[in-house]
Every structure is written in C-alpha cells, then in structure tokens.
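One structure below.
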Amino acid sequence: MKVSNIIIHVGIHKTGSTWLQEYFFPKIRGIRYLYKERDYDAVERLVSLPRTKVLLSDEEISRSMPVRDNKLETLMELKTRFPDAKIIIGVRHFFPWLKSTYKQLVKTGSHMSFKTYENKYGDRPVPDWYVNVVKMMWKDVFVYRFDDFVNNKDHVLKDMCDFIGVPVPDYEDKRVNASVNHVLFWRV
C-alpha cells in the first residue's frame, strides 16, 4: 500500500469532533491542519508537496446528522481524490447518538418532539452503517468510540496520534459543544 500523507477526520457528528478541531488537531506538530477545507483541489496540491502531511477535519463530510441526506457523495469524491488516505472516524451507540443529535436540533431552534424526531429519523442507518462504508472504501481507518473518548481521552488520543504518526501534543481539556440538558424526551 502506498504511504499516505493525508489524514481525513470525517466525524461523525456528536463524537467529540468540535473539541478535536478546536483544542487538539491545531496543536499537533508535523502536520498541516485544515479545518473544513472544501477546496479539494487546494488539498490535493498540498498533499502533493514532498514531506507534507495534511490533516483535514470536517464532520460535514459524514453528513451524519439525521436531517442530512447525500451521505455518500462527498465520500465518493474523497475516495477518488485520496484513495490512500488515512481516515479517522468517531462512533457512538445509536440511541444516545440519536438523542444527542436531537438536542443539537433543539439548540438550533427546532420545536419538534423527540418522538416525532425518532419516528422520522430513528431508522436511519447511521452511524454504524456509515463506519462500515468507510471501512470498505479505505484500508487504513482509525475508529474511536465516543464513550472511550469521554472516559479515557488520553489513551484514545495517544492511539490516534500513533495512527497519524505524530507525537501527542499538549492540549487543554475543555468541554465544548455540550448537549442541552433540559430537553425533554417524551414518547406519546
């Protein structure tokens, strides 16, 4: 397998992506960090430079929020452009993930009940389906579990840095993008 100099963090939503993007990835030495860079031609130019390791992070690649569609379109483009990329993806148990995505929706102003949300989106095959697709498309995939990320962040970050091929940077452990705790989950 060709050695890749691009690492792509594809999310998914509600798995610690914001913290990684704001407090961890920017501190990693030895990489060029790109946050939500959608100009893939520019990314290709950077990746083609000798000895340039690029980390692109954008959870929108996964389109994993249940209200989003076209989940495979961006993946297909990335696979075509970066067939040997290393992929980082976070996963979470389905029902807590669904509740967290619902809380995010409420945070943005929605008044939909959880029952309506669950009925509308609860049968979507995300996130497990998405992870399986990513693993079929790329050979070098690092999957971390959100529960492990929350409960043993140092270990997950060390494994992630080993996967990237860089030392673990110093980082600040701040809580970001926390869920709304007062959302009621009722089932009628």
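Here, residue 1 is the first one in the sequence, and each next residue gets the next number.
Judged by a 6.0 Å distance limit and a 45° cone about the ring axis, Arg81 is not positioned over the six-membered ring of Tyr40.
Leu20 places a side-chain heavy atom less than 4.5 Å from the side chain of His9. For the pair Val141 and Ile89, the minimum side-chain heavy-atom distance is below 4.5 Å. Between Lys135 and Val131 the shortest side-chain heavy-atom distance falls below 4.5 Å. Considering only heavy atoms from C-beta on, Leu75 comes within 4.5 Å of Met137 through its side chain. In this structure, Ser17 and Phe146 have side chains that are not in contact, with every pair of non-hydrogen atoms separated by 4.5 Å or more. Side-chain contact between Val10 and Asp58 is absent, with no heavy-atom pair separated by less than 4.5 Å.
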- Query: Can you check side-chain contact (heavy atoms from CB on, under 4.5 Å) on Val54 and Asn5, steps first, answer last?
  - Reply: CA-CA 6 Å; Val54 177; Asn5 58 343; 6.0 Å; no
- Task: Would you please test Phe24 and Tyr171 for ring-ring contact (aromatic ring centres under 6.0 Å, His included) and show each step?
- Result: CA-CA 6 Å; Phe24 190 71; Tyr171 60 88; 5.5 Å; yes
- Can you check side-chain contact (heavy atoms from CB on, under 4.5 Å) on Val47 and Thr52, steps first, answer last? CA-CA 6 Å; Val47 170; Thr52 301; over 6 Å; no
- Item | Verdict with supporting geometry, Ile6 and Lys86, side-chain contact (heavy atoms from CB on, under 4.5 Å) | CA-CA 6 Å; Ile6 183 160; Lys86 290 182 164 191; over 6 Å; no
- Item | Derivation and outcome, side-chain contact (heavy atoms from CB on, under 4.5 Å), residues Ile7 and Leu56 | CA-CA 6 Å; Ile7 303 97; Leu56 169 63; over 6 Å; no
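Between the Tyr144 side chain and the Thr15 main chain, a donor and an acceptor come within less than 3.5 Å of each other. Of the possible polar contacts, one joining the Lys53 side chain to the Ile164 backbone as a donor-acceptor pair under 3.5 Å is found. Judged purely by atom type and a 3.5 angstrom limit, Asn152 has no side-chain atom pairing as donor or acceptor with the backbone of Asp148. The backbone N or O of Lys14 sits less than 3.5 Å from a side-chain atom of Arg92, completing a donor-acceptor pair.
For the residue pair Cys161 and Pro167, the shortest heavy atom distance occurs at SG-O, 4.0 Å. Smallest separation of non-hydrogen atoms from Tyr33 and Pro26: CE2-CG, 3.7 Å. Closest approach of Phe25 to Ser57, counting heavy atoms only: CE1-OG, 3.6 Å. Across all their heavy atoms, Phe149 and Trp19 have their closest contact at CZ-CE3, 3.5 Å. Residues Ile8 and Ala85 share a closest heavy-atom pair of CD1-CB, 3.9 Å.
No more than 12 heavy-atom neighbours from other residues, nucleotides or ligands sit within 6.0 angstrom of NZ on Lys158.
Interatomic distance, Asp39 CG to Glu37 CD, rounded to the nearest 0.5 Å: 5.0 Å. Taken to the nearest 0.5 Å, the NZ atom of Lys153 stands 10.5 Å off from the CG atom of Asn151. Put simply, CG on Leu157 and NE2 on His155 are 10.5 Å apart, with the number rounded to the nearest 0.5 Å. Atom-to-atom distance recorded for Leu55:CG and Gln21:CD is 9.5 Å, nearest 0.5 angstrom.
Under the 6.0 Å cut-off for aromatic ring centres, Phe82 and Trp138 do not qualify, their centroids lying 6.0 Å or more apart.
With sequence neighbours excluded, the residues satisfying ring-ring contact (aromatic ring centres under 6.0 Å, His included) with Phe142 are Phe163.
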